[in-house]
Chemist: 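Could you have a look at this structure, given as C-alpha cells, before my questions?
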Amino acid sequence: VVGGGGFEIDNITTSTTYGAASATTPAAPTSLAATAGNGNVAISFTAGADGGSAITNYEYSLDGGTTWIALNPTDAASPITISGLTNGTAYNIQLRAVNAIGSGAASASVSVTPNFQSTLAIVNTISAFTSCIGSASANQSFTVSGSNMTNSVVVTAPTGFEVSLSSGSGYGSSVTIAASGTLNATTVYVRMAANATGSPSGNITITTSGAASQNISVSGTVNSLPSAPTATALQIFCPGDTVATLDATAGSGETVQWYSVATGGTALLGTTALTAGTYYAESVNATSCASVRTVVTVATNNALHFDGVND
C-alpha cells in the first residue's frame with residue numbers, strides 16, 4: 001500500500017482485546033428476620049450477590065438509610081448481631097453488604113423491639129401434707145433460681161399454707177427473695193398452717209418482674225384429734241411398780257402414752273419406775289394425732305410389809 005505522501009505501508013494488523021468484567025458493589029440482602037435480645041437483636045438474612053468481589057462486612061441503619069454503621073468487629077455472614085440498643089424501643093433496621101468496591105444496596109427494613117427477659121426455674125418435690133387439728137404440718141421445700149433478674153421474687157402461699165426461707169421459723173403467707181442478675185438456687189419451705197382445717201389445696205405462686213409466673217400445686221389433710229383418755233384421778237401403787245401399771249382407757253384403735261409433763265416432752269417407757277407425783281395420759285390415734293392429756297396423781301403405798309424377819 002502506498003500512502004498519499006509517497007511512502008509504503010505494509011502488513012497492517014488490527015485487533016481488539018476485552019478484559020474481565022469490572023466488579024461492582026453487592027446486591028441487597030433479602031429475607032431479613034430479627035430476634036430480640038437484651039439490648040440487642042440478631043438478624044438473619046439471605047445475602048445478595050457479591051458483585052464479583054467478596055463481601056467483607058455489613059452495615060446497618062436505624063434511621064431509614066440516612067446513617068449507616070459498620071459492624072465492629074466485622075461480620076460477613078448471617079446472622080449478625082446489633083448491640084447497644086435500648087430495651088423496649090422499636091427499631092426499623094436495614095442492612096447492606098460491603099465489599100472491596102464499596103457499600104451495596106440497602107435491604108428492606110425489619111422491625112424489632114429489644115427486651116430484657118427474666119427467667120425463673122423451679123425444682124419441686126412437694127407431696128401431699130398431713131397434720132393434726134391445731135398443729136402445723138411438717139415442712140417440705142422447693143428451690144427457686146433465675147437469670148436476668150431485675151426485681152425481687154415474691155412467693156405467695158394459698159389459704160391454709162405458709163412459707164418461709166428458714167425451716168424452723170419465719171412462716172407467713174408470703175416471702176420475698178431479693179434478686180438482681182443471677183439468682184442462685186434458694187430454698188423455700190412450705191407447711192400446712194396450724195389454723196388449717198379440712199383438706200386445703202391451691203397453688204403457691206412465684207412471681208417477679210419480666211418473667212412468666214410459676215405455680216406449685218399443694219394439698220393436704222387435717223386430721224381430727226382423739227378424745228382424752230379416761231383414768232382414775234388418784235392411783236395408788238406399791239414400791240417397785242412401773243409406768244406400765246398405770247391405768248387409762250383410750251378409744252377404739254387408739255393407744256395411751258404417759259408423760260411427766262402437761263405438754264411436750266417425751267413419752268415415758270413402760271419400764272420407768274413410778275414415783276409419787278403427777279402423770280399425764282395421752283391418746284394417740286391411727287393418724288398419729290394426740291389428744292389433750294388427762295391428769296393422774298400417783299401415790300405409792302408405803303405400808304409395812306412382812307419380810308419374814310422379826311415379824
Side-chain angles (χ1 to χ4, degrees), residues 29 31-46 57-64 67-95 107-126 139-158 161-167 170-191 202-218:
S31 305
L32 273 64
T35 301
N38 175 22
N40 60 62
V41 295
I43 300 179
S44 62
F45 56 90
T46 299
N57 198 15
Y58 280 87
E59 298 173 333
Y60 65 91
S61 176
L62 306 177
D63 56 10
T67 304
W68 291 90
I69 302 168
L71 294 177
N72 185 16
T74 60
D75 191 345
S78 173
I80 58 96
T81 298
I82 299 172
S83 302
L85 305 180
T86 301
N87 289 321
T89 298
Y91 293 91
N92 292 314
I93 301 175
Q94 293 173 277
L95 294 182
S107 70
S109 64
V110 62
S111 298
V112 64
T113 302
N115 61 71
F116 192 81
Q117 184 67 43
S118 300
T119 59
L120 287 173
I122 308 298
V123 177
N124 169 37
T125 58
I126 290 178
N139 67 63
Q140 299 185 57
S141 65
F142 63 92
T143 61
V144 180
S145 59
S147 60
N148 298 330
M149 308 299 293
T150 60
N151 212 334
S152 297
V153 176
V154 178
V155 181
T156 305
F161 294 85
E162 51 193 6
V163 289
S164 176
L165 298 179
S166 173
S167 63
Y171 284 90
S173 60
S174 66
V175 292
T176 299
I177 305 170
S180 178
T182 299
L183 172 63
N184 293 324
T186 301
T187 301
V188 179
Y189 298 92
V190 187
R191 70 183 186 185
N203 287 323
I204 298 171
T205 60
I206 303 99
T207 60
T208 189
S209 300
S213 63
Q214 303 285 325
N215 292 323
I216 295 176
S217 176
V218 289

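Values reported hereafter were calculated over all heavy atoms of this structure, with side chains retained and with hydrogens, waters and symmetry mates removed.
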Chemist: So how far is it from I80 CD1 to I43 CD1, rounded to the nearest 0.5 Å?
Modeler: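 Interatomic distance, I80 CD1 to I43 CD1, rounded to 0.5 Å: 4.5 Å.
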
Chemist: Which distance, rounded to the nearest 0.5 Å, do you find between the CD1 of I93 and the OG of S111?
Modeler: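 Answer rounded to 0.5 Å: 8.5 Å.
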
Chemist: Got a sec, which residues hit side-chain hydrogen bond (donor to acceptor under 3.5 Å, both in side chains) with N203, two or more places apart in sequence or on another chain?
Modeler: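 Checked N203 against side-chain hydrogen bond (donor to acceptor under 3.5 Å, both in side chains); zero matches.
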
Chemist: Roughly how far, to the nearest 0.5 Å, is the CD1 atom of I204 from the CZ atom of F161?
Modeler: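 If we round to the nearest 0.5 Å, F161:CZ and I204:CD1 are 7.5 Å apart.
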
Chemist: Check whether any side-chain N or O of T46 sits under 3.5 Å from a backbone N or O of S31 as a donor-acceptor pair, and report yes or no.
Modeler: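 Such a contact is absent between T46 side chain and S31 backbone.
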
Chemist: What I'd like to find out is whether the side chain of N92 reaches to under 4.5 Å of the side chain of V110, using heavy atoms alone.
Modeler: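 No - every pair of side-chain heavy atoms lies 4.5 Å or more apart.
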
Chemist: Out of T207, V144, V175, which one pairs with V153 under the side-chain contact (heavy atoms from CB on, under 4.5 Å) rule?
Modeler: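 Filter result, single survivor: V144.
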
Chemist: When you check the side-chain N and O atoms of T205 and N215, is any donor under 3.5 Å from an acceptor?
Modeler: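 Distance-only check fails for T205 and N215.
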
Chemist: Grab the two heavy atoms, one from S141 and one from Y189, that are nearest each other, plus how far apart they are.
Modeler: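 Where S141 meets Y189 most closely, the heavy atoms are CB-CD2, 3.8 Å.
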
Chemist: Where the side chain of N139 meets the backbone of S167, is there a donor-acceptor pair that is under 3.5 Å apart?
Modeler: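 Side chain of N139 to backbone of S167: a pair is present.
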
Chemist: Taking T186 for the side chain and N184 for the main chain, is one N or O donor matched with an acceptor at less than 3.5 Å?
Modeler: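 Judged by distance alone, yes, a pair lies under 3.5 Å.
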
Chemist: CD1 of I122 to CD1 of I206: how many Å apart, nearest 0.5 Å?
Modeler: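 Rounded to the nearest 0.5 Å, the CD1-CD1 separation comes out at 4.5 Å.
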
Chemist: With side-chain contact (heavy atoms from CB on, under 4.5 Å) as the test, would you mind laying out the steps for T89 and T113 before giving the verdict?
Modeler: CA-CA 5 Å; T89 298; T113 302; 5.7 Å; no

Chemist: Quick one: do Y60 and V41 satisfy side-chain contact (heavy atoms from CB on, under 4.5 Å)? Show the steps, please.
Modeler: CA-CA 12 Å; Y60 65 91; V41 295; over 6 Å; no

Chemist: So which atom in N87 and which in G39 form the shortest heavy-atom distance, rounded to 0.1 Å?
Modeler: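 It is OD1-N, 2.7 Å.
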
Chemist: Using a 3.5 Å distance criterion without hydrogens, assess whether the side chain of S118 forms a donor-acceptor pair with backbone atoms of N148.
Modeler: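 Yes; judged by distance alone, with no hydrogens or angles, the pair exists.
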
Chemist: Distance from S61 atom OG to W68 atom CH2, nearest 0.5 Å?
Modeler: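 Rounded to the nearest 0.5 Å, the OG-CH2 separation comes out at 5.0 Å.
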
Chemist: Nearest 0.5 Å please: distance from the CG atom of L183 over to the OG1 atom of T208.
Modeler: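 L183 atom CG to T208 atom OG1 measures 8.5 Å (nearest 0.5 Å).
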
Chemist: Just jot down the ring pair (Phe, Tyr, Trp, His ring centres under 6.0 Å) partners of F45, sequence neighbours excluded, or say none.
Modeler: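 Checked F45 against ring pair (Phe, Tyr, Trp, His ring centres under 6.0 Å); matches are Y58.
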
Chemist: Under 4.5 Å between any side-chain heavy atoms of N40 and L85, yes or no?
Modeler: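 No, every pair of side-chain atoms sits at 4.5 Å or beyond.
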
Chemist: What is the minimum heavy-atom distance between V112 and A34, and which atoms define it?
Modeler: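 Looks like CB-CB, 3.7 Å.
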
Chemist: With distance as the sole test, does Q140 use its side chain to make a donor-acceptor pair with the main-chain N or O of V190 at under 3.5 Å?
Modeler: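 Not at all, since once roles are kept as given, no pair shorter than 3.5 Å links the two residues.
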
Chemist: For Y91 and T86, indicate whether the former's side chain and the latter's backbone hold a donor-acceptor pair under 3.5 Å.
Modeler: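 It does hold such a pair.
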
Chemist: Might you point out which heavy atoms bring S44 and S78 nearest each other, and give the distance in Å?
Modeler: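 The pair with the smallest heavy-atom distance is CA-OG, 3.3 Å.
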
Chemist: I'd like to check V155 versus F142 (side-chain heavy atoms, cut-off strictly below 4.5 Å). Are they in contact?
Modeler: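 Touching, per the 4.5 Å side-chain cut-off.
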
